[in-house]
Amino acid sequence: MKKKATVLDQSAINRALTRIAHEILEKNKGVEGLTLVGIKTRGIPIAKRLREKIAEIEGVEVPLGELDITLYRDDLSHVGQDQEPKINETKIGDQITGKTLILIDDVLFTGRTVRAAMDAIIDQGRPSQIQLAVLVDRGHRELPVRADYIGKNIPTSQDEVIVVELGEIDGQDQVSIYEK
């Protein structure tokens, strides 16, 4: 793959997450009943950063969960015959029924990851509401999924790939577009 451009640097990512934190608080009128849930892998550090920003603004730490959607994906049949998918632990908390969950991921593309995440959440309990926050929305939806909070809309072609790098995993913060 060939890198075309860096569309978000560390400062731009930080500004986008600060804005999303404020939007979450505004829409939900504070933190009452909120739980942040990051989708593995890069949704988790984004959720942790949002939690920190919300704590700075409101002075309250909201509950934080981690969600592994591996077994809920509709493309598991594409894993090689001799390969088993790696299953990570899901940690959402004891009680999500009646709560407002903010599902957090790095990139919204086809909507299939979000659908799998909602299936995984519903197996854990029945939240009163599920909202979606993403760092990047690149379009090309295959399912009727829309994010409530978006860091940046980046229209892409099918031949382009969005790569999100976060310091906690990749050693640096940036979002880039690559050509296949």
Side-chain angles (χ1 to χ4, degrees), residues 1-25 31 34-58 60-70 72-73 75 78-79 83 85-92 101-114 116-117 120 131-141 145-180:
M1 289 192 308
K2 179 184 174 198
K3 186 173 183 176
K4 288 178 71 173
T6 297
V7 290
L8 294 173
D9 61 11
Q10 183 175 11
S11 297
I13 291 171
N14 187 50
R15 284 190 302 274
L17 294 178
T18 299
R19 182 174 35 77
I20 290 171
H22 281 282
E23 289 173 358
I24 288 170
L25 292 170
V31 298
L34 284 184
T35 298
L36 304 179
V37 179
I39 300 174
K40 294 191 180 202
T41 295
R42 285 173 182 76
I44 292 170
I46 293 170
K48 288 178 180 176
R49 291 181 191 190
L50 285 171
R51 181 185 196 200
E52 290 171 9
K53 290 185 181 298
I54 289 170
E56 288 172 16
I57 298 163
E58 292 288 306
V60 177
E61 275 200 355
V62 296
L64 177 68
E66 299 179 3
L67 188 64
D68 179 24
I69 62 162
T70 304
Y72 294 88
R73 296 192 59 90
D75 59 358
H78 293 102
V79 175
Q83 291 180 316
K86 184 176 188 282
I87 311 298
N88 296 302
E89 185 179 2
T90 291
K91 298 180 243 172
I92 294 182
L101 299 188
I102 312 293
L103 193 57
I104 301 164
D105 205 5
D106 57 348
V107 179
L108 177 57
F109 182 30
T110 63
R112 293 185 178 282
T113 297
V114 175
Q131 299 171 10
L132 177 62
V134 296
L135 182 58
V136 174
D137 183 346
R138 65 168 287 189
H140 303 286
R141 220 69 79 239
V145 172
R146 177 189 55 80
D148 298 282
Y149 314 100
I150 302 168
K152 184 163 182 72
N153 284 295
I154 304 175
T156 60
S157 75
Q158 291 283 9
D159 293 329
E160 293 173 321
V161 175
I162 297 287
V163 175
V164 174
E165 295 174 277
L166 299 173
E168 297 89 335
I169 297 167
D170 309 296
Q172 66 179 347
D173 281 1
Q174 71 177 11
V175 177
S176 304
I177 298 179
Y178 286 80
E179 185 120 31
K180 287 184 187 176

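Side-chain atoms are counted along with the backbone in the values below, which use heavy atoms only and exclude waters and symmetry mates. Numbers for residues simply follow the sequence, beginning at 1.
- Minimum heavy-atom separation, Ala55 to Glu61: CB-CG, 4.1 Å.
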With side-chain contact (heavy atoms from CB on, under 4.5 Å) as the criterion, how do Arg42 and Asp170 come out once you've worked through the C-alpha distance, each side chain's angles and the decisive distance to 0.1 Å? CA-CA 10 Å; Arg42 285 173 182 76; Asp170 309 296; 2.8 Å; yes
Q | Trace of the side-chain contact (heavy atoms from CB on, under 4.5 Å) decision for Val175 with Ile154 | A | CA-CA 10 Å; Val175 177; Ile154 304 175; 4.3 Å; yes
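- Note: Ile54 CD1 to Arg49 CZ = 14.5 Å, rounded to the nearest 0.5 Å.
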Would Ile177 and Ile162 count as a side-chain contact (heavy atoms from CB on, under 4.5 Å) here? Give the steps. CA-CA 5 Å; Ile177 298 179; Ile162 297 287; 3.6 Å; yes
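- Using modelled atom types, one finds a donor on one side chain and an acceptor on the other under 3.5 Å when comparing Thr70 with Asp68.
- Here CD1 of Ile39 is found 4.0 Å from CG of Asp105. Values are rounded to the nearest 0.5 Å.
- Checking Val136, Thr113, Leu132 one by one against Leu108, the side-chain contact (heavy atoms from CB on, under 4.5 Å) holds for a single residue, Leu132.
- Minimum heavy-atom separation, Pro63 to Leu34: CD-O, 3.2 Å.
- Residues Val134 and Val107 are not in side-chain contact: their nearest non-hydrogen atoms beyond the backbone lie 4.5 Å or more apart.
- Rounded to the nearest 0.5 Å, atoms CD (Glu179) and NZ (Lys2) are 7.5 Å apart.
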side-chain contact (heavy atoms from CB on, under 4.5 Å) for Leu17 and Leu135? Distances and angles first, verdict last.
CA-CA 8 Å; Leu17 294 178; Leu135 182 58; 4.2 Å; yes
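- Considering CD of Glu58 and NZ of Lys53, their distance stands at 14.5 Å, rounded to 0.5 Å.
- Arg51 places a side-chain N or O within 3.5 Å of a backbone atom of Val62 that can act as its donor or acceptor partner.
- One distance of note links CD1 of Ile150 with CG of Asp137; it measures 4.5 Å at 0.5 Å rounding.
- Taking all atoms of both residues into account, the shortest heavy-atom contact from Phe109 to Arg141 is O-NH1, 2.7 Å.
- Here the closest non-hydrogen pair linking Lys180 and Gln158 is NZ-O, 3.5 Å.
- Nearest heavy atoms, Gly151 versus Ile20: N-CD1, 3.6 Å.
- From Leu64, atom CG reaches atom CD1 of Ile102 across 12.0 Å, with rounding to the nearest 0.5 Å.
- The shortest non-hydrogen separation linking Pro45 to Ile169 is CG-CD1, 3.8 Å.
- For the pair Glu66/Lys48, a side-chain contact is recorded, criterion being any heavy-atom separation below 4.5 Å from C-beta on.
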